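Notes to accompany the following structure.
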Number of protein chains: 2
Amino acid sequence: MTAAANQNGRRATASRRLERAGIRDVAAAAGVSITTVSDALNGKGRLPDETRSRVREVAERLGYRPSAAARTLRTGRSGLIGLTVTTYGEEPFTFTEFAYFAEMARAATSAALGRGYALVVLPASSRHDVWSNIALDGTVVIDPPDQDPLVTELYRSGVPVVSDGKPGNCPVTAWVDNDHEAAVLGILEHLSEAGARRIGLLTGTSTDTYTRLSTEAYLAWCDRVGQEPVYEAYPAHDPAAGAVAADRLLARPDRPDAVYGLFDPNGTDLLAAARRYGLRVPDDLLLVCCSESDVYANTEPPITTLSLKPRRIGTTVVNLLIDAIEGVDAGSGSVPGRLFPPRYRTAGTGPPPGTLMPTELIVRASSQRRSPRTTVSPPRPPGEV
Amino acid sequence: MTAAANQNGRRATASRRLERAGIRDVAAAAGVSITTVSDALNGKGRLPDETRSRVREVAERLGYRPSAAARTLRTGRSGLIGLTVTTYGEEPFTFTEFAYFAEMARAATSAALGRGYALVVLPASSRHDVWSNIALDGTVVIDPPDQDPLVTELYRSGVPVVSDGKPGNCPVTAWVDNDHEAAVLGILEHLSEAGARRIGLLTGTSTDTYTRLSTEAYLAWCDRVGQEPVYEAYPAHDPAAGAVAADRLLARPDRPDAVYGLFDPNGTDLLAAARRYGLRVPDDLLLVCCSESDVYANTEPPITTLSLKPRRIGTTVVNLLIDAIEGVDAGSGSVPGRLFPPRYRTAGTGPPPGTLMPTELIVRASSQRRSPRTTVSPPRPPGEV
DNA sequence: CGTCCTTGGAGAAACGTATCTTCGACGTTC
DNA sequence: GAACGTCGAAGATACGTTTCTCCAAGGACG
């Protein structure tokens, strides 16, 4: 009596008949060992093609699906990647950068799936048990705050972490970010060239990297060109506060003749505020805001936006993470076939490798003074998306 | 020599020192058995509080994190819920209902996390190996097409499936949907009351439930009130096609004086088309579209929208699914403490339980004539909704 | 003819947890 | 004083894979 029959016997004794077919059932049905089944299905080992295809066929017939849990336990790899987003208050996701986040998450999901991984969304504030209840091969963190305890713990326990947004003070495997300084400088320059004399900024009160770097770049620019800074800051996670801040900015005695809004809804809010004050855009007020939404192509007038290219970011972040997971960088010439693939670790001393990605300024009517063709534009200008 | 020391010895011999602490290490450090550790940490068994807290403390000190994979394997539960969205063509997610999807996914994630589950996003078209590589306790499916093979297989293998959108012809554990018929009828009635004489529809060419039910309701209404149907259908997943279809609809010789657009961008597109043809909204053209976006509160004029209340849907779907997973419904008085919790199965004969949820019409300027006196009372449909 | 290499495959040991079963010790009760 | 219930905890097993190790058979080759 073969061992396969033995095990099958045990199985039949111990449990019901309705259970899902396991690898043992396939082995028994094909008359081979479970080793052979595993090798055949995974394309490993040295097996003649005939055996391989026969086993595959039997497995198919039995509707065999390998247990992901068992595989994960044995392999140490779950094929799961966490996508963590910092939460403001009660809401599970960031509200303000929502379009950005949605696009980024979409691209990240796509990229992960393309490499055989799946994404699981986990707010940073989740109860701890949810976190440790899930086997994660690595994590993407969006805009981690300074000293993020979650990131620190993950990193310490050997889980690769790649952050979207240059991390303040927590250790990550790698990070990706836009070149916010260059972006702000580019916009300020663009507005200046369009004739702006006093450029205002609508910014946020939170301390995330994006807000901080952008604001600092603005202040530095003001300092350099000798303009007095004109800005209003508001809690970006509060959807109502933006309109108020926009209003405040345009109500100032030193009213700017051009404004850059750091957050997605700012364009709409500024436009509404301008209308309220009888300011014409772009004649009296030049407008640019940072947004991924294409509604600004159809506003009256269309508003120039800065796109952070979230899809590119999401793809890059995920690919970096998976590279780290799969040890592309950490090889150190280890024994190839050993049980545990080497955990990724940074080289040791230096800061984590960061990647800066360019942004894209989509110039529309709101930031151009002299538009000789003020006629109503045709339905779809082909050049723009 | 205790068994714990034995096991620890084996462990130390077999592997490096840098590995994560396992339950055995905790047991050894606390001087108890692994049974006791497991019971202490999970709040099970009969242990005095003193032992419990001591074990917990040791576990904490060692930075012990239970292995999710092992727990899943043993328990049969992963705490993971799939969120599947049907894909149109190459894109990983539905484009047209994007705001809907984003909101719904957000609510679903929230609801799942609130009950200790996490969501993993899996396009229906994913390579099969990704699917079977993940241990899912259940799946939410958004708008499954007829005869969806994926849903069928999942259902057959005993994984609970709850669909958002009444399923065409595939077996699901339960489903949730809006009352699309009532919604469309409500809108048509609303437009009629605002003075519309000929109501047009902008609809899609795909066969999903939403499109089908809404269109049928429109046609039935037309039939009942004796209006000739005026509609244009376009591939809703193509973002550019919507503008063309809107244009086509307003260019017809039998141009409607009111339009309902089934998809999110229709409002913008219709507004642009109306402007192109010199039609004033709402004076010459009443406008309503189905959207979750709040940009329509700020368009010129603001556009009346139908909200499907995606957050409510997402929450409901997830709660139904988790109920099914946890066997709220399928108890059948089984032995309480047995190894495998009973898999959920439908009662047997009847159709799966469905829940219809109301929609919400957010009335704005685009669907209200300015002079209420000119309102012509339309042929009232008999109130059999 | 013995040795060595290659092919094809079987055995068995993990992976780390949860839980079922068992077992001693210690009152309690009749 | 013996049977009994309860408390506290240890032992052992199974969850379903993957993979390391090893073995048998059959040429090839000296």
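Small disclaimer: the values here were computed from a predicted structure and weren't measured. Within every chain, numbering begins at 1; the chains are lettered A, B, ... in the order of the sequence lines, protein sequences first and strands thereafter.
For B:Asp49 and D:dC7, the CG to C1' distance is 14 Å, given to the nearest whole Å. Atom pair A:Arg77:CZ and C:dC15:C1' shows a separation of 15 Å (rounding to whole Å applied). B:Arg52 has its CZ atom 13 Å from the P atom of D:dC7, to the nearest Å. Atoms CZ (B:Arg74) and C1' (C:dA14) sit 17 Å apart, rounded to a whole Å. Following rounding to the nearest Å, A:Ile34 (CD1) and D:dG16 (C1') show an atom-to-atom distance of 8 Å. In this structure, CZ of A:Arg20 is placed 20 Å from P of D:dA14, rounded to the nearest angstrom. Atom P of nucleotide C:dG8 and atom CG of A:Asp39 are separated by 13 Å, given to the nearest angstrom. Going from atom CD of B:Glu50 over to atom C1' of D:dG8 covers 12 Å, rounded to whole Å.
Dashed line: the shortest gap from a side-chain N or O of B:Arg71 to OP1 or OP2 of C:dA18 is under 4.0 Å. Under 4.0 angstrom from either OP1 or OP2 of D:dG8 there lies no side-chain N or O belonging to B:Arg46. In this model, the phosphate group of C:dA18 is not approached by any side-chain N or O of B:Lys44 to a distance below 4.0 Å at OP1 or OP2.
Bending across the helix from C:dC1-D:dG30 to C:dC30-D:dG1, expressed as the angle between its end axes from five pairs apiece, amounts to 60° (10° rounding).
Scanning for side-chain contact (heavy atoms from CB on, under 4.5 Å) contacts around B:Thr315 gives B:Ala107, B:Ala111, B:Asn319, with sequence neighbours left out. Not counting sequence neighbours, A:Glu60 has no partner by the salt bridge (charged side-chain N to carboxylate O under 4.0 Å, His left out) test. For B:Asn133, the side chain to side chain donor-acceptor pair (under 3.5 Å) partners at least two apart in sequence or on another chain are A:Arg71. By the salt bridge (charged side-chain N to carboxylate O under 4.0 Å, His left out) test, B:Arg65 is found to be paired with A:Glu153, residues two or more places apart in sequence or in another chain being considered. Applying the side chain to side chain donor-acceptor pair (under 3.5 Å) test to B:Thr72 and every residue at least two apart in sequence or in another chain returns nothing.
When side chains are defined from C-beta on, B:Val318 does not count as touching B:Tyr117, because their heavy atoms never get closer than 4.5 Å.
Taking both residues in full, the closest heavy atoms of B:Ala135 and B:Ser78 are given as O-OG, 2.7 Å, listed atom of the first, atom of the second, then distance.
Judged by distance alone with a 3.5 Å cut-off, no donor-acceptor contact links the side chain of B:Thr72 to the base of C:dT17. Side-chain N/O atoms of B:Ser38 and base N/O atoms of C:dT19 include no donor-acceptor pair closer than 3.5 Å. Checked by distance alone, B:Thr36 brings no side-chain donor or acceptor within 3.5 Å of a matching partner on the base of D:dG8.
With C:dG8, D:dT17, C:dG16 as the choices, the nucleotide that has an atom nearest any side-chain atom of B:Ser67 turns out to be C:dG16. Residue B:Ile23 has its side chain nearest to C:dA18 when only D:dT19, C:dA18, D:dA9 are considered. For A:Tyr64, counting side-chain heavy atoms from C-beta on, the closest listed nucleotide (D:dG16, C:dT17, D:dT17) is D:dT17. Relative to the side chain of B:Ser33, the nucleotides D:dG8, D:dA10, C:dA12 differ in distance, and D:dA10 lies closest. The side chain of A:Arg24 approaches D:dT17 more closely than any other nucleotide in the set D:dT17, C:dC15, D:dG8. With D:dG8, D:dC20, C:dA18 as the choices, the nucleotide that has an atom nearest any side-chain atom of A:Thr35 turns out to be D:dC20. Between C:dG9, C:dT19, C:dG16, one nucleotide has an atom nearer to the side chain of A:Thr51 than all others, and that is C:dG9. The side chain of B:Leu73 lies closest to C:dG16, out of C:dG16, D:dA9, D:dA10. Side-chain proximity of B:Asn42 to C:dT7, C:dA18, D:dG8: nearest is C:dA18.
Between A:Ser38 and A:Thr35, the side chains place no donor N or O within less than 3.5 Å of an acceptor N or O (distance only, hydrogens not considered).
Nearer to the 5' terminus of DNA chain C, by closest-nucleotide assignment, is the contact made by A:Leu47 (compared with the other of A:Leu47 and A:Ala70).
Between B:Glu57 and B:Arg61 there is no salt bridge, since no side-chain nitrogen of the basic residue lies less than 4.0 Å from a carboxylate oxygen of the acidic one.
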